[in-house]
Amino acid sequence: LLRGENKRPHVLCVVVNDQFSHTNRKIAVPTAVAKVTVAASEQLQVHVDEARKPAIQAAIVKIMKSRRQIGHQELLAEAMRYLSNLFTPDPRTIKEQIEFLITRDTMRR
């Protein structure tokens, strides 16, 4: 795996042997894992939630175009079922997006 070249008696130069292969074993070289802080994790979650809002809105509009009239709980359940293929939606976020679409006059109560 490693090849040592001893050009000077007190210094050992180690080089990776690219021609090394072993038929029975594979060697996994571990990579460095970055530690994520709590603040960075929260910031990432906020960014992910913001990125999911258009997908939630699109699902709600698509459901409403196909159904024309639907009850709130049915719409919530249908949106959760529709979005479960993409990600696990939060019911609170779906409700917020329904309210947002109502304020934008995309939907009526």
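Being a predicted model, the structure only gives us computed values, none of them experimental.
Residues satisfying the salt bridge (Lys or Arg N to Asp or Glu O under 4.0 Å) criterion with Glu99, sequence neighbours excluded, are Arg109.
Listed by first then second residue, pairs satisfying salt bridge (charged side-chain N to carboxylate O under 4.0 Å, His left out) with a partner in residues 42-54 read Glu50-Lys53, not counting sequence neighbours.
Put simply, CD on Gln69 and CZ on Arg108 are 8.5 Å apart, with the number rounded to the nearest 0.5 Å. Residue Ile60 holds its CD1 atom at 11.0 Å from CZ of Phe100, rounded to the nearest 0.5 Å. With values rounded to the nearest 0.5 angstrom, Glu78 atom CD is found 11.0 Å from Lys62 atom NZ. Rounded to the nearest 0.5 Å, atoms CD1 (Ile98) and CD1 (Ile63) are 8.5 Å apart.
Looking at every heavy atom in both residues, Leu83 comes nearest to Ala55 through CD2-O, 3.9 Å. The shortest heavy-atom contact between Leu76 and Pro91 is CD1-O, 3.9 Å. Between Leu75 and Ile70, the shortest heavy-atom distance links the atoms N-CD1, 3.7 Å. Here the closest non-hydrogen pair linking Arg68 and Lys65 is NE-O, 4.1 Å.
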Given Met64 and Leu101, is the side chain to side chain contact (heavy atoms under 4.5 Å, CB included) satisfied, shown in steps?
CA-CA 11 Å; Met64 289 305 295; Leu101 291 172; over 6 Å; no

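Residues Val61 and Phe87 are members of one and the same hydrophobic cluster, defined by side-chain heavy-atom contacts under 4.5 angstrom among Ile, Leu, Val, Met, Phe, Trp and Tyr.
Atom NE2 of His47 has 12 or fewer heavy atoms from other residues, nucleotides or ligands within 6.0 Å.
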